[in-house]
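Below, read A as the first sequence line, B as the second, and so on, with proteins coming before strands; counting in each chain starts at 1.
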Protein chains: 2
Amino acid sequence: MSSDRVGSLVAWLRDRGERVTTARRALLTALDQAGDHRSADELAEAVSREHPEVHRATIYRTLETLRRLEVVEHTHLGHGPAVYHLAGEVHQHLVCEECGAIQEVPASVLGDLEADLERDFGFRLNSRHFAVVGRCRHCRHGPGDGIVEDRRG
Amino acid sequence: MSSDRVGSLVAWLRDRGERVTTARRALLTALDQAGDHRSADELAEAVSREHPEVHRATIYRTLETLRRLEVVEHTHLGHGPAVYHLAGEVHQHLVCEECGAIQEVPASVLGDLEADLERDFGFRLNSRHFAVVGRCRHCRHGPGDGIVEDRRG
DNA sequence: TTCGATGCAAATAGTTTGCATTCTA
DNA sequence: TAGAATGCAAACTATTTGCATCGAA
């Protein structure tokens, strides 16, 4: 997948007049190697293996810059930190609020909803911003069946 | 709407063997009066108007207890704090990531998605846990149209 | 050489926890 | 009167910001 994706992103940034720094290149590399979603902390750790001087604050600032440039996107999975991935890595997550299992599903599951919201409310869904939360195959038990569970949603 | 909903919730708690304290009654009252969603902080402030001694930590602990008992639910709207409401007040929110506008829509908009996820993945959607994020009628401009915006999603 | 990006430290927001005390059942 | 709930303070996690310095263009 990474037939020098980092290289072309770097070139693209330069074209835009954005500065290409060690931290930015390293963060893009970490995002590219991650493949899927990573928290800012995980990215900071990955970057610091090669470049220990890169500060966590820089990770956050750079992620924000890349978000503004629409190079990265982030998602909130349950209660933890936000997770980031390169834009274009389109996937949707079903997060089980009971056991925490995350299942990736084709983004097309939201296609109808997207069309409905656009048609009925003029609302353009950002389908990747939030995870879809619920209960997975193994953890579901009927709502209102009196079973009370103990975990965070 | 509040034909003594607080009273019956209190009775229900007592039936369950849960203790009924000033803080709990006050929090239920605040949730009931709020009608829609409120952050823990907003609830703490509302409660403290009548009961200044109730500490924010108690608000959080009580909300967690009520969540476990399925009396309250919470939702994450964008980046801010979680917001809480009494279970049964079913509504869905479209949150604009550009201007922050929140539009309430009938929960039925997610009906098809709910059915699809159940059928295809055995996944039971908790449709109220996360807001639906995107861009409202006034703020949308085509994705990939080169317009880069500056706000958080 | 200039101005944006960085490192560091400190601040902030939201939430959780340990512990002694209070109060419900 | 036993043990759950509370108040308080302090810790904790995730994230942001001010400021002096550094470095890409």
Side-chain angles (χ1 to χ4, degrees), chain A residues 9-28 30 37-45 47-48 50-69 71-72 74-84 150-153, chain B residues 9-28 30 37-45 47-48 50-69 71-72 74-84 100 148 150-153:
Chain A
L9 282 172
V10 163
W12 184 85
L13 287 179
R14 226 186 293 269
D15 281 355
R16 290 253 161 168
E18 290 290 330
R19 296 194 174 174
V20 176
T21 64
T22 304
R24 291 181 172 190
R25 205 187 317 255
L27 180 54
L28 286 171
H37 42 74
R38 291 282 188 276
S39 69
D41 234 41
E42 290 167 338
L43 290 166
E45 209 207 302
V47 165
S48 73
E50 290 282 320
H51 305 278
E53 78 282 5
V54 174
H55 197 271
R56 212 187 315 274
T58 301
I59 298 292
Y60 279 105
R61 278 191 281 228
T62 305
L63 284 171
E64 166 58 14
T65 300
L66 295 175
R67 184 204 63 80
R68 182 170 40 78
L69 295 169
V71 170
V72 310
H74 70 278
T75 302
H76 301 269
L77 302 177
H79 281 267
V83 293
Y84 300 81
D150 201 34
R151 294 174 130 269
R152 296 314 186 74
Chain B
L9 282 172
V10 163
W12 185 85
L13 287 179
R14 225 188 293 268
D15 280 355
R16 290 253 160 167
E18 291 290 329
R19 297 195 174 175
V20 175
T21 64
T22 304
R24 291 182 171 189
R25 204 186 318 255
L27 180 53
L28 286 171
H37 43 73
R38 290 283 188 276
S39 68
D41 236 42
E42 290 166 339
L43 290 167
E45 209 207 303
V47 166
S48 72
E50 289 282 319
H51 305 278
E53 77 283 4
V54 173
H55 197 270
R56 197 170 280 123
T58 301
I59 298 293
Y60 279 105
R61 278 190 281 228
T62 305
L63 284 170
E64 165 58 15
T65 299
L66 295 175
R67 185 206 62 80
R68 181 171 40 77
L69 296 170
V71 170
V72 310
H74 70 279
T75 304
H76 301 269
L77 303 177
H79 282 266
V83 293
Y84 300 80
V148 172
D150 202 34
R151 293 173 131 270
R152 297 312 187 74

*Asks:* Counting only side-chain heavy atoms from C-beta out, which of D/dA14, D/dA25, C/dG7 sits nearest to A/Arg19?
*Replies:*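 Among the listed nucleotides, the one closest to the side chain of A/Arg19 is D/dA25.
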*Asks:* Hey, does the side chain of A/Arg14 reach the backbone of A/Val20 with a donor-acceptor pair shorter than 3.5 angstrom?
*Replies:*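 Pair absent, no side-chain N/O of A/Arg14 close to backbone of A/Val20.
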*Asks:* Would you mind telling me which of C/dA25, D/dC8, C/dT6 lies closest to the side-chain atoms of B/Ala57?
*Replies:*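 Selected nucleotide (nearest to the side chain): D/dC8.
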*Asks:* Which whole-number value in Å describes the distance from A/Ile59 CD1 to C/dA5 P?
*Replies:*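 After rounding, the gap between these two atoms is 15 Å.
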*Asks:* Check this one for me: any side-chain N or O of A/Tyr60 less than 4.0 Å away from OP1 or OP2 of D/dT15?
*Replies:*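 A/Tyr60 to D/dT15 OP1/OP2: side-chain N or O found under 4.0 Å.
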*Asks:* Would you say D/dA4 has OP1 or OP2 under 4.0 Å from some side-chain N or O of B/Thr21?
*Replies:*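 Indeed not, no polar side-chain atom of B/Thr21 lies that close.
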*Asks:* Whole Å only: how far is the CD atom of B/Glu45 from the C1' atom of C/dG14?
*Replies:*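 Nearest whole value for this atom pair: 16 Å.
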*Asks:* Indicate, with a heavy-atom threshold strictly under 4.0 Å, whether A/Thr65 touches base, sugar-phosphate, or nothing.
*Replies:*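 The answer is nothing, as A/Thr65 stays clear of every strand by at least 4.0 Å.
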*Asks:* To the nearest Å, how far apart are A/His51 NE2 and C/dA5 C1'?
*Replies:*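 After rounding, the gap between these two atoms is 16 Å.
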*Asks:* Testing the basics here: between A/Glu18 and A/Arg68, what is the closest heavy-atom pair and its distance to 0.1 Å?
*Replies:*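 What the structure gives for the nearest pair is OE2-NH1, 4.5 Å.
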*Asks:* With heavy atoms under 4.0 Å as the rule, sort A/Ala82 into base, sugar-phosphate or nothing.
*Replies:*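 It contacts sugar-phosphate atoms only.
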*Asks:* Does B/Arg61 come within less than 4.0 Å of B/Glu64, counting only side-chain N to carboxylate O?
*Replies:*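 Not counted as a salt bridge, because no side-chain N and carboxylate O are separated by less than 4.0 Å.
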*Asks:* Using a distance-only criterion (donor-acceptor N/O pair, under 3.5 Å, no hydrogens), is the base of C/dG18 paired with the side chain of B/Arg61?
*Replies:*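 Indeed, a donor on one side and an acceptor on the other fall under 3.5 Å apart.
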*Asks:* Which heavy atom in B/Ile59 sits nearest to a heavy atom in B/Ala40, and how many Å separate them?
*Replies:*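 Scanning both residues completely, I find the closest heavy atoms to be CG2-O, 3.8 Å.
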*Asks:* Whole angstrom is fine here: how far is it from CD in B/Glu64 over to P in C/dG14?
*Replies:*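 About 19 Å, once rounded to whole Å.
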*Asks:* Both B/Thr22 and A/Glu18 contact DNA chain C. Taking the nearest nucleotide for each, which residue is further toward the 5' end?
*Replies:*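 That would be A/Glu18.
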*Asks:* Where each residue is assigned the nucleotide of DNA chain C containing its nearest heavy atom, which of B/Arg56 and B/Arg14 is assigned the position nearer the 5′ end?
*Replies:*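 Looking at the nearest nucleotide for each, B/Arg56 comes out on the 5' side.
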*Asks:* With the side chain of B/Pro81 defined as its heavy atoms from C-beta on, choose the nearest nucleotide among C/dT15, C/dA25, C/dT6.
*Replies:*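 Of all the options, the side chain of B/Pro81 is nearest to C/dT15.
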*Asks:* Ignoring the backbone of B/Ala40, work out which of C/dT15, C/dT6, C/dA9 is nearest its side chain.
*Replies:*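 When the side chain of B/Ala40 is considered, C/dT15 is the closest of C/dT15, C/dT6, C/dA9.
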*Asks:* In whole Å, I'd like the distance from the CG atom of B/Leu13 to the C1' atom of D/dA4.
*Replies:*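 Computing the B/Leu13:CG to D/dA4:C1' distance gives 14 Å.
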*Asks:* Give me the ring orientation class for A/His79 and B/His76: parallel if the planes are under 30° apart, tilted from 30 to 60°, perpendicular past 60°.
*Replies:*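 Judged by the thresholds at 30° and 60°, the geometry between A/His79 and B/His76 is perpendicular.
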*Asks:* B/Glu53 has an atom CD; how far is it from atom P of D/dA9, in whole Å?
*Replies:*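 Spelled out: CD on B/Glu53 to P on D/dA9 is 15 Å.
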*Asks:* Grab the NE2-P distance between A/His79 and C/dA13 for me, whole Å please.
*Replies:*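 To the nearest whole Å, that distance equals 21 Å.
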*Asks:* Rounded to the Å, how far apart are A/Arg25 CZ and C/dA5 P?
*Replies:*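 So the CZ-P distance, A/Arg25 to C/dA5, works out to 15 Å.
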